[in-house]
Each structure stands twice: as C-alpha cells, then as structure tokens.
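Below is one structure, written out as structure tokens; comments come after it.
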Protein chains: 2
Amino acid sequence: MSRVLSEQAVADFRTKLCRVAARRFAEFGYAGVTLRALSDELGCSRTTPYRYFRDKADILGAVRTQGFRRLAEAEEAAVRAEPDPLLRLQAVGRAYLRFAGEEPDNYRLMFEVPEKFSPAPTAELRAEVQRSQRPLIESVQAAVEAGLIHGSPTTLTHLLWAALHGVASLHLAEKLTSGRTFEELSEAMVTLIARQMQSASNERPSPNERSPDKES
Amino acid sequence: MSRVLSEQAVADFRTKLCRVAARRFAEFGYAGVTLRALSDELGCSRTTPYRYFRDKADILGAVRTQGFRRLAEAEEAAVRAEPDPLLRLQAVGRAYLRFAGEEPDNYRLMFEVPEKFSPAPTAELRAEVQRSQRPLIESVQAAVEAGLIHGSPTTLTHLLWAALHGVASLHLAEKLTSGRTFEELSEAMVTLIARQMQSASNERPSPNERSPDKES
DNA sequence: GACGGTAGATTGACACTGTCAAATGACGTT
DNA sequence: AACGTCATTTGACAGTGTCAATCTACCGTC
C-alpha cells in the first residue's frame, strides 16, 4: 500500500472546510457557499472537497450536524445545572433560544433550506438531531412524573419544541417587528410555558391525548 | 400610441405564471422552479417572464403574496364565523394551522428560503403579510379586553403566532415523527392555548411585560 | 538509488442556470 | 403602403455543480 491520508488529516480538512462554509453562509448567505469559493479560500482546487464529501449537500449536512451537536451540548449543560423539574424545563428552553439567538446562521441552516440537503440525511446527522431532542423529552418526562403536567410526553415535547422553534424561527425570518427584543420575547415564552405547567398541575384532566370534539 | 398590453392580459399572464411556478415548486422543490421550465410549460420563450416580472425573485415574491393573501382570507373567515373571544382565538389558530396543513408547499415558500427572495419585498407583499397578522392581533386584543389574558397584545400575539408557526414549521420540516398526526398536534396546541387563557383569566398578575428575575 | 504503482489533487469539459443585448416579429397609426 | 413601437425571441455570457481524464508526488520494492 502506498501512503494513505491519515484519519487526522481527513478530519482536519473536513472541519476546516465546514468552518469556511459556515462562515461564508453567515456572511453571504447560501449563494455565497460555492465549491469554487470554499476551495479558493482553502487554497485548494475546486474539486478537492469531493475527496472528503460526496456532495455539496453533504458539506452542508456536516455543518448542520455540528450545529445540532452544539445545540444538544447547550441543552445538556442546562439540564445538568438544574435539578428542579420546573426550573429545568425553563432552563432547557432558555438554552435552546439562547443558542438560536447567538448562532442565528447556524440555526437557520439547521432548519431552513431543506431542499439543498441530501434527501437521505447522514446517520450521524440524524443521531445529533435526536440527541438535541432528548433533553427536551427528558425534561418533559420529569415534569410529568412530578405531576406538573399531564398527557403524552411525546406530544407535550413536540408542543414545547414547537413553541421554542416558533419564536426562534419567526425571529430569524425577521417577522417579529415589535419593540420587544428577541431575548425579551424568549423570556416571555419561557415564562408562559412555566405558568402553563403551574396551572395544569392544579387540575385533573389531561390537556390533550384526545382531540376534543368542540364545535362553535 | 400604439397597441399596449391590456391590463387583463398582463394580469392573466402573471397569474398563469404564478400558478405554474407554485405547481412546479410543489412537485420538484425550488430546484424545479427555473425560468426555462416555467416558460416551456407556458409555451413562451425563456425571457418572456422578464416583461412581467423584474426577477426570478420577483416571481417567487408574487407567489408568496398570493399565499399570504389566502392565509389572511382563511383567518378572516374564521374570525367572522365566531364572535366569542375565546372560541374565536381558537378558531383563528385552527384556520392558521389548517392552511399550513392543506397548502404545505405554499406555507413553506412563504416562510422559508429567504435568500431566494428580493431583499426589498414588494409593498403588496408586506401589506398581505400584515393583513395575515391582523386577525391574530385583533383576536388577542379582544381576549385581553374580555379579561381572558393580561399583557401586551403585541407580545402576546407574537407568542401565539410563534406557537402556531412552530407547529406548522416543524411539521413541514418533518421533524415531528411521533404517532400523532399533524391535525392532532394542531388541536393539542389550540387546546393548550385555550387552557392557558382560561387559567390566566383567574389570576391577577400579567404573564409577561417584565422579564422575571428568577434565579435557580 | 532508480522505478513503478497508486492515492490524491488538478485541469478540462459538460449541462445547466439567471440575466442582459441585440435581433426579430407583428400590430395600430398615419 | 410604409412607419414606428411594443412584445417576443434568439444569442451570448458569466457562473454553478459535477464527472472524466490527466497530472503529481509519494510509497514500497528491486
């Protein structure tokens, strides 16, 4: 066998290219992420990235993977720091929204422009996506077990996630043009979630599980 | 003066092109919306659309405008049909989510792929976006006046919108892979919003307005 | 130490895109 | 009947992602 690219060298090039791609996306948007530009900035030829990634979509997928990993780490840190169920759920929510606020371009890349990604995401990406959901799920489960809320943990997690993602997404789409800053709105949403649980803990029926047949 | 394109003919071509663009977007994604393909499907030459639209971005902008208009109309119909403040708010939320569920590609186009649109949106588009917000704002305001919730109507509207958009957006991104259907999750969210208000109406302090200084 | 094979990088080429300039076409007016 | 003008078409260009063929430099072997 002849000389082969060391694992380290492969990883180095991959991370370096991901960093450049992320930076260019943040600066010039998706249109600025072009194989030629990335390669120029890295000092290699246009098709060299094809040794390390299958596609352009594959490159973006790697950036997304890193994004979900950092989001998961932020959530996990929040979970570790807060044992109380109610406060933990708030802390996870805050960590989620803080991530979206601090790394807006990463968050955008993670959730938007879906067609630019390969239809079959990497196993690694799917794993990180799941990992980023776990702190939410576990926090909700803990809250359910503590009697703070009632209902299916999965459904409740989805609702929680939707509330958080909605705030982040609308903010990034610049649809929230009130006087409130993103941080204020984030805190308002977290507070609202906490109040929801405090009030739900005083009542018996589960808030979902069956779609009510309520007509006008 | 010589013959000039009649208003009707211009409008016809524009709407026809928008319809084709929307259909191709739904079928092939953004990559399927190409001036060549649109023109072929319309039986004209590649650059003919440039007589009726400034840009490709302008075409997508027109499709988006129509989408926001239909969303606004659906919301307004829901408002008209339901006078009771609480039920009206639920009805608007249901109409919003039903629209997202029934026209997923339109909704996606309205809120995603922001870089593909002109940085300065048309006045018409901005008007329709605002129009689609008004039923939410007015429903929230009515609920505030009825004493169902307390707080800044703008902030509360943003939170409501975020909750709705979050459900729709995560669903369209295919991130919600639980057993629940989109309809069930929508109803769960609407129910949760209603419960939030019912519980809030029994208490005095406003749920936001000031970010609470709660520490662990 | 020279050589050959091969992994890795490069260049060339292709089909495709959005968009502009110039050329073509057709119609109402004089 | 000829003109002028608007609508449309064609030609062209820069730029894209990606594949094939080429080149380069290193390794193990003699």
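Throughout, protein chains are lettered first and strands after them, A, B, ... in sequence-line order, and every chain is numbered starting at 1.
- None of Glu75(B), Glu103(B), Glu128(B) except one satisfies the salt bridge (Lys or Arg N to Asp or Glu O under 4.0 Å) rule with Arg69(B); the exception is Glu128(B).
- Taking NZ from Lys175(B) and OG from Ser132(A), the interatomic distance works out to 8.0 Å, rounded to the nearest 0.5 Å.
- Arg64(B) places a side-chain N or O within donor-acceptor distance of the main-chain N or O of Met110(B), the cut-off being under 3.5 Å.
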In B/S/- notation, 5' to 3', how is nucleotides 11-24 of chain C contacted by protein heavy atoms closer than 4.0 Å? BBB---BBBB----

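- Distance CD (Glu7(A)) to C1' (dG8(C)): 16 Å, rounded to an integer number of Å.
- When side chains are defined from C-beta on, Pro153(A) does not count as touching Ile137(A), because their heavy atoms never get closer than 4.5 Å.
- Classified by interplanar angle (parallel below 30°, tilted 30° to 60°, perpendicular above 60°), the ring pair His171(A)/Phe182(A) is parallel.
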